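I have placed the structure first, in the form of C-alpha cells, so that the comments after it can refer back to it.
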Amino acid sequence: MGKNRQDFGSSSGVEAVDLSVNSPDEDKSLKLREKIFLAVVIVIFIASAAGIFAVRYHKSDSFSLLLADETEQYDLGIINSATVEDFMEIKGIGEVKANAIVNFRESIGGFTDIKQITYIDGISDATLEKIIEHFYGEETESEE
C-alpha cells in the first residue's frame, strides 16, 4: 500500500490529453455545417417574421378588400344607434349575435370603422355585407 502511494505521489504533473476526435478536415466540415445551420435558422426566422406580418395585416377575404375604400362612406351613426332588434331583422343574425354586436359596440365606445363588426366571433364578411345591405342598401343604391 505504501508503494502505491509513493508511485502515485511521485507523479509531479498532469499531462495534457488531446480529446478531440476530429481531424482538421473534419473540423472544416463541421464549421461548414455550422454555417449552413446558422443560415437555415436565419432564413426560417425571416420567413416566420414575414408570415406573421402577412397574417396580421391580411384581409379575411375578397369582400374585405372591396370594402377597404368604401367603408369610409357609411354614416356610422346608423350602426352605432341600431338596437338589438334592428340587428335581429337581418337574416342570419339572431338574438345572440345581435347582443354580441351591441355589447361589443358599447365596449369600444362605438364603431369607428364598419369592418370592426367582423371582430366579433361569428360575424363573417358575408354577415357584414348583409348588415351593410340592411342599413345602407337604399342609400347606396340611390347615390349611384
Side-chain angles (χ1 to χ4, degrees), residues 4-5 7-144:
N4 287 343
R5 278 185 173 216
D7 289 342
F8 179 77
S10 67
S11 145
S12 61
V14 178
E15 292 182 30
V17 177
D18 184 13
L19 297 175
S20 66
V21 292
N22 298 334
S23 69
D25 290 336
E26 289 175 335
D27 284 339
K28 289 179 185 176
S29 175
L30 183 61
K31 289 178 184 177
L32 179 62
R33 280 189 243 142
E34 289 172 353
K35 288 178 183 177
I36 291 171
F37 176 76
L38 182 60
V40 168
V41 168
I42 290 170
V43 168
I44 290 172
F45 174 78
I46 291 171
S48 298
I52 290 169
F53 179 82
V55 167
R56 187 172 189 173
Y57 296 102
H58 176 70
K59 305 294 181 193
S60 59
D61 70 10
S62 59
F63 181 70
S64 291
L65 293 174
L66 293 173
L67 282 178
D69 294 328
E70 297 177 11
T71 56
E72 295 174 9
Q73 73 182 358
Y74 297 111
D75 176 13
L76 295 176
I78 295 170
I79 293 290
N80 286 330
S81 63
T83 65
V84 170
E85 292 77 20
D86 293 333
F87 285 107
M88 288 176 58
E89 292 175 5
I90 301 168
K91 184 177 180 180
I93 297 181
E95 187 174 357
V96 173
K97 283 185 184 178
N99 276 314
I101 293 169
V102 171
N103 290 337
F104 179 70
R105 178 186 70 202
E106 290 173 1
S107 74
I108 63 170
F111 294 113
T112 57
D113 184 342
I114 201 160
K115 291 184 284 183
Q116 290 175 312
I117 295 172
T118 61
Y119 299 169
I120 301 165
D121 190 34
I123 305 292
S124 65
D125 286 337
T127 304
L128 175 59
E129 186 175 1
K130 290 177 187 177
I131 291 169
I132 290 171
E133 288 173 5
H134 177 77
F135 289 107
Y136 303 102
E138 295 174 7
E139 283 184 25
T140 55
E141 288 176 6
S142 64
E143 290 176 358
E144 292 177 10

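FYI, side chains are in, hydrogens and waters are out, and symmetry mates aren't considered; it's all heavy atoms of this structure. Small disclaimer: the values here were computed from a predicted structure and weren't measured.
How far CG of Asn99 is from CE of Met88: 8.0 Å, rounded to the nearest 0.5 Å. Within the model, atoms CD1 of Ile123 and CD1 of Ile131 stand 5.0 Å from one another, a figure rounded to the nearest 0.5 Å. Between the CD1 atom in Ile132 and the CD1 atom in Ile117 there is a gap of 7.5 Å [rounded to 0.5 Å]. The CD atom of Glu133 sits 10.0 Å away from atom CG of Leu128, with the distance rounded to the nearest 0.5 Å. The distance from atom OH of Tyr136 to atom CD1 of Ile114, rounded to the nearest 0.5 Å, is 4.5 Å.
Identified under the ring pair (Phe, Tyr, Trp, His ring centres under 6.0 Å) test for residues 29-50, with sequence neighbours left out: none. Legend: ring pair (Phe, Tyr, Trp, His ring centres under 6.0 Å) pairs involving residues 82-112, not counting sequence neighbours, sorted by first then second residue: Phe87-Phe135.
For Ser124, the side chain to side chain donor-acceptor pair (under 3.5 Å) partners at least two apart in sequence or on another chain are Thr127. Partners of Ile42 according to the side-chain contact (heavy atoms from CB on, under 4.5 Å) rule, which considers only residues two or more places apart in sequence or in another chain, are Leu38, Ile46. Listed by chain and number, the residues in a side chain to side chain donor-acceptor pair (under 3.5 Å) with Ser107 amount to none (sequence neighbours excluded). Under the side-chain contact (heavy atoms from CB on, under 4.5 Å) criterion, Glu34 pairs with Leu30, Lys31, sequence neighbours left out.
Smallest separation of non-hydrogen atoms from Ile90 and His134: CG1-CG, 3.5 Å. Among all heavy-atom pairs drawn from Ile79 and Arg105, the shortest one is O-NH1, 2.7 Å. For the pair Ile101 and Ile120, the tightest heavy-atom approach, listed with the atom from each and the gap, is CA-CD1, 3.5 Å.
Atom CD of Glu95 sits in a sparse spot, with 12 or fewer heavy atoms from other residues, nucleotides or ligands closer than 6.0 Å.
Residues Glu129 and Asp125 are not in side-chain contact: their nearest non-hydrogen atoms beyond the backbone lie 4.5 Å or more apart.
In this structure a side-chain-to-backbone donor-acceptor pair under 3.5 Å is missing from Asn80 to Gly77. A donor-acceptor pair under 3.5 Å is formed between the side chain of Lys97 and the backbone N or O of Gly122.
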